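As structure tokens, the structure follows; a few thoughts come after it.
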Amino acid sequence: MSTVERVPPPRSYLEEGYGLRSWLTTHDHKRIAILYALGITFFFFLGGLAAALVRLELVTPAGDLMSAETYNKAFTFHGVVMVWFFLIPSIPATLGNFLLPLMIGARDVAFPRLNLFSWYLYVGGGVFTLLCLLLGGVDTGWTFYTPFSTLFSTSHVLLAVVGVFIVGFSSIFTGLNFIVTIHTLRAPGMTWFRLPLFVWSMYAVALVMVLATPVLAMTLSLIALERLFGVGIFDPALGGDPVLFQHFFWFYSHPAVYIMILPAMGVVSELITAGARRRIFGYRFMVYAIIGIAVVGFLVWGHHMFVAGQSMYASIVFSILSFIIAVPSAIKVFNWTATLYRGDIGFDAPMLYALGFVGLFMLGGLTGLFLAATALDVNLTDTYFVVAHFHYIMVGGAVMAYLGGIHFWWPKITGRMYSEAWARFAAILMFFGFNLTFFPQYILGYEGMPRRYHEYLPQFQVWNVLSSAGATILGAAYLLPLFYLAWSLRHGARAGPNPWDARGLEWQTASPPPPHNFEQTPTVTEGPYAYR
Amino acid sequence: MSARTHPVPEQFDDPVQQREAATLGMWAFLATEVLFFGVLFAGYTLCRVMFPEAFAEGSRHTDMLLGTIETAVLLTSSCAVALSVREVQLGGRRAATAMLALTAALGIAFLVMHGFEYYAEYREGLIPAIRYTQQGVYARGMEIFYCLYYFITLFHSLHVTVGVLLLGVMAWRTWHRAFDQDYHTPLELTALYWHLVDIVWIFVYPLIYLVGRSG
Amino acid sequence: MNTLPQASSFAPDVDHLFDALLLLCGLVVVGVFAAMIFFCVRYRRGSAAERMPARAHLGVELTWTLLPFVLFMGIFGWSVHLWIRLRTPPKDAQPIYVVAKQWMWKVQHPDGAREIDTLHVPVGRPIRLVMTSQDVIHSFYVPAFRVKQDVLPDRYTELWFTATQAGTFNLFCAEFCGTDHSRMHGEVIVMAPADYARWLQAHAGIGLAAQGERLFRQFGCSGCHDPQSGVHAPDLYDLYGHTVPLSDGSQVLADERYLQDSILLPKKQIAAGYAPIMPSFQGRIGAEDVLALVAYLKTRTHAAEDTDEHR
């Protein structure tokens, strides 16, 4: 080390190294975010393919395209992949990983190596899931209800369970990393009530991930052992209780719904304020709403079991809690709308996604009240009404917000602008395709078509055909960004540090940011959304 | 090489911040651990409400003497690991290493005793799905009890095993002067983890060994 | 918009609640969408609208939070009221037994008629289905009645309804139960009471209680439970519908669930004054046989015995 050769620091995190190795061993949260984005995109289209098969089968009432077994495996694969390999990691692991340190003025997350390890766990879980698919798949539905999953199904339940178990640890470690990062690495002056709502949503999500996922992991282990050894605590032949499984499962899986939607709410808060160039309306209410949703989200799991043999009184309690959790969600919708008041509203693609999100999320949320009302749920549960409801929340909500966020921060991530015209077209196409796909399913459910049906009665055909037609449009709309975003990587105009004239620390550094985010650690002197 | 030169990773401003982060991270991890075991305890409670007599009967088949010794061993080991942290803080490298080695040894003793228990249960035919020969009115409920028994104790033993490995590493690093008064976060966190393993056992012990023996 | 028949006494009430909630939600949707569209047009970039900073008011937040909340709580109260009705069968409801298995519905009427994938019921009479499964979880769903209930292995669940119009209605399995889940459907055939009586007569077999009585001897229950037996065991007369004191000091109502548990899990609840000596019959007796035994135990009364003797 005698010759001092001054190498200028790399200009952006993308230019820090070009080889595969530099990516696979990186500790940079921004690069790990991109690794996640690749995996998530892959699984999104794989899960989408399964959905396409399901919709194709349902064009006709008879089970003529594939066998019942294949159909059951297709919707199970769709559910498992979309829930655990797309929705749960989608916003937290990509946008969250990329933006969280930038937004709080940190150089990286608290545990960069753990962060990379989480990604490898994600990949490991994915390998098991793909292996399960290649060896013949699994046919239990993503909910793995016992005793079907433990004692009756002849498919590869174990492999699927192992895959989900592993990916669960990925989300636990991501959550842990985020909690510690937000607690300890905020820049000087970045007080709790100066945090952008996206960071608050990441904090709430991280708490849910850390506290709910272990329950899933243990429950899946109990399933695996019961399947392996033929005895276990859910086994009705021993006097065990299969409904106990449902309690454990939904104790995780209902909060998991909030793992999917809270980040989306965070993203949309950023998008709407930037699009309307306006402070968020009622910042503190928004924060309390996020925390409220995360906390009450742990107390409503029983609303999945109103007809499962749970006591009448327990159902009443879960019902009122489910009504109560609608309050913070409503606050958020009203405040987003009020943020538009006296704004300076531009209709760039991210804003279109955000507005679409608010509308679809509202429809999904309100139909949730029908399911929270016990007397109505009796008729509607396990029908297509439920399918439509949660797709409005998860696809209309979480996916719209994810794509909106990707568009909004794309110049920050890549340093390039995409084609605005194509992006707007895709957003609008997606909105209409989505409604055409899923609105008919509300009607199907109301008329009594049960979910997970390979064959159905001819009277349901019209709505099913409409839904499948919508799915075609939706599929095309999802493919579009793949092309124009990829195109922008080479041919897009160079983006400045702040193409949207947005506030927030992430816009104060270069696009793409340098390896350690900021040339100098910023000092924060005011709250977020310093628009008018 | 002195511990003082331990580099602070670039995401942290100073060692204080690093230590705060590491400690908070460990506590968050312990929170997830509590929930891992929490599910099992919840399952245990519900099943016991369904089969109170069978659970009592199952409990009477466990080896209370060994269980009690195991409890004492773990409690002693927790004390030893706490002492080792104190020794490092006071600068006593040898005593600290010895205490860590003692902790690890007690952990191994715990595992060995559990191995004897499992073997005895195998001979008695108490292992569901592998060798379960119980007959009589409580046989089915007891099978559920033993499913939970194995799941909980094996999961706990897994934690003990991980703990023993960590303690070994810590003993080695302490001996090689990796820690001093100012920097000993990894040792402290290992001790925290070991205390958790111990606390979990304090819940397991009465649930498994004592329920059937009251009154 | 409703092409679904309202064929049970619940159906109109459930639909009213649905419509009320739909109206309320519709108002919220229209309100929010109208505001959003208005703002988007008025405050579009480049328009000449006023843009003075507006302040968030606590009052505004609380109004638009609490007002809808109170309205929705009204819906909740209404729903609970209806829910309790849905879950509380009247005392005089006619029991019919349903056993689900992959992938069929087996129905047993108390006086012996059996059917598969169809269920005949009379108009205007409360029917209580007592259901269990032989394998996985199924769910009994009749959209036209607005009723649904999961059917669990080794457990009893109940469902009740009063059909209000004659006709044939779809019966679906609503809980995913394996390969042919979507083929596990059937029909509920609602008949005028006179037609139903004729149908029952034509299909009467040996009554369920009579089958149960035979099984009661066949499985050796009578060896201990008959009054002449030397074993100290309850004689089970006049048991159903009465309160049983238990050895732990509590009391339990002897309903179907209790009778089934006493056969399959005898140690769960021990009658006061008796030793826990009864063996479990779990795994030794099929779900349908348990149903028959329970049906018999319900008719095992001194009154019934006396009429038999005096005949």
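Note that this is a predicted model, so its numbers are computed, not measured. Basis for what follows: all heavy atoms, side chains included, without hydrogens, waters or symmetry-related copies. Each chain gets a letter, A, B and so on, in the order its sequence line appears, and its residues count up from 1.
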Under 4.5 Å from a heavy atom of chain A, the part of C/Tyr141 involved: side chain
Which distance, rounded to the nearest 0.5 Å, do you find between the CG of A/Leu366 and the CZ of C/Phe72? 5.5 Å
Check: A/Gln246 and C/Ile137 side chains under 4.5 Å, non-hydrogen atoms: yes
Residue, of A/Phe334, A/Tyr313, A/Tyr456, A/Tyr71, that accumulates the most heavy atom pairs under 4.5 Å with chain C: A/Phe334
Toward chain A, the part of C/Asp261 with a non-hydrogen atom under 4.5 Å: neither
With respect to chain A, which residue among C/Leu86, C/Thr157, C/Leu17 yields the maximal number of heavy-atom pairs within a distance under 4.5 Å? C/Leu17
Who wins among A/Met449, A/Met362, A/Arg277, A/Lys73 for the most heavy-atom pairs under 4.5 Å with chain C? A/Arg277
Contact class of C/Leu152 relative to chain A, heavy atoms under 4.5 angstrom: side chain
Interface moiety of C/Arg183 toward chain A, non-hydrogen atoms closer than 4.5 Å: side chain
Greatest number of heavy atom pairs closer than 4.5 Å to chain C - which of A/Ala330, A/Pro236, A/Ala276, A/Gly359: A/Pro236
Using 0.5 Å steps for rounding, measure from the CG atom of A/Asn379 to the CG atom of C/Asp15. 7.5 Å
Taking A/Thr154, A/Ile331, A/Val333, A/Thr367 one by one, which has the highest count of heavy-atom pairs under 4.5 Å against chain C? A/Ile331
Under 4.5 Å to a heavy atom of chain A? For C/Ala49 that would be neither
Which bit of C/Arg85 comes within less than 4.5 Å of chain A, counting heavy atoms only: side chain, backbone, both or neither? neither
